[in-house]
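The structure appears right after this line, and notes come after that.
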Number of protein chains: 2
Amino acid sequence: MGKILSIGALATLTGCKVVTIRYYEQIGMLPEPGRSAGGHRVYDRHHLERLRFIRRARELGFPLKTVRGLLALSERADDAPCAEVDRMAATRLREVRAKIADLRALEATLERLLKQCGHTTLDECRILDAFRGEPVDAGV
Amino acid sequence: MGKILSIGALATLTGCKVVTIRYYEQIGMLPEPGRSAGGHRVYDRHHLERLRFIRRARELGFPLKTVRGLLALSERADDAPCAEVDRMAATRLREVRAKIADLRALEATLERLLKQCGHTTLDECRILDAFRGEPVDAGV
DNA sequence: ATAGGACCTCTAGCTGCTATAGGTTCAAGG
DNA sequence: CCTTGAACCTATAGCAGCTAGAGGTCCTAT
Ligand SMILES: [Zn+2]
Ligand SMILES: [Zn+2]
Ligand SMILES: [Zn+2]
Ligand SMILES: [Zn+2]
């Protein structure tokens, strides 16, 4: 049961890079693992699970600080209400939506500029004009 | 005509922060301005225009490195074709679209998790489950 | 003349990693 | 058993794009 993993194996299993794993240890996201006689890090199932958790939360864009909170709540795992988890997810969802809205505005502006550009010369390029011109707000 | 601006005035006119302006000078995005007798930076119309250009390009998400290129092309402003400008804008547009697609996937996942969560207890929370569970890919 | 805001330099910090450099250990094949 | 080469180790510095602080000087209006 107590299968043992090298840092490389852990990296492969989680999709994390080796350096990132060491970094997570350094900032206290992962507990210090055991060491082999020669000083190599030795991980077990618990580290694997924790790192997987971190990876997934990161993939959803939660900042490391929030992941810390999520880990703490996950490790409690008692019958306290999960409202705080939900709140964190809801906050993240709002951020994602806000970012999407921002990016859509950028997309529209860039599309417009590319359409307007006559593909002529530098001194007539509409894209450059948009940056150079008087303070007209660029189509937000 | 040669109106003179303090760094604070320049900040107000462009929406850049004072520290950011100094930072841009430090990394060579803005030319070193003149100085007053007491050593305060003194800007003119050219700085204002250049900084406005930078700000607008940055608002569209162009990285500073690309902004440098755009500035160089804008300053040439001869009858060379503007194809390179267009290419930069098209590249940026592709990036924006890719980011939107990523974020939409996140949005869908987060919505799903929030819907699934029974708003019960920590040990039954579906959101935490999604992070804890076996390597099921989180609904990309 | 004096107050207090705006300005100065310098250094360090933020997020989340990544990239060296220069050395040690491990595991598999001979 | 011994060698070899991949994997591992530490430590430091770097990336983007700013932001924050300390500790001091200047400018301008009253
Ligand atoms: Zn363990
Ligand atoms: Zn053009
Ligand atoms: Zn000038
Ligand atoms: Zn829940």
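In what follows, chains carry the letters A, B, and so on, assigned in the order in which the sequence lines appear, proteins first and then strands, with residues in each chain numbered from 1.
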To the nearest Å, give me how far apart CG (A/L5) and P (D/dA7) are.
16 Å
For a quick check, with a 4.0 angstrom heavy-atom cut-off, what is the B/S/- contact string for nucleotides 4-24 of chain C, read 5' to 3'?
---SSB------BBS------
Close side-chain approach of B/T121 and A/D78, heavy atoms under 4.5 Å
no
Nearest whole Å is fine: how far is D/dT10 C1' from A/I21 CD1?
17 Å
Would you please name every residue forming a side-chain hydrogen bond (donor to acceptor under 3.5 Å, both in side chains) with A/T91, sequence neighbours left out?
A/R94
Between A/R41 and A/S6, is there a side-chain donor-acceptor contact under 3.5 Å, judged purely by atom types and distance?
no
B/E59 has an atom CD; how far is it from atom C1' of D/dG17, in whole Å?
15 Å
If the condition is side chain to side chain contact (heavy atoms under 4.5 Å, CB included), which residues does B/P31 pass it with, not counting sequence neighbours?
B/H47, B/R50
Taking B/A108's backbone N and O only, do any of them form a donor-acceptor pair with B/R104's side chain (distance below 3.5 Å, no angle check)?
no
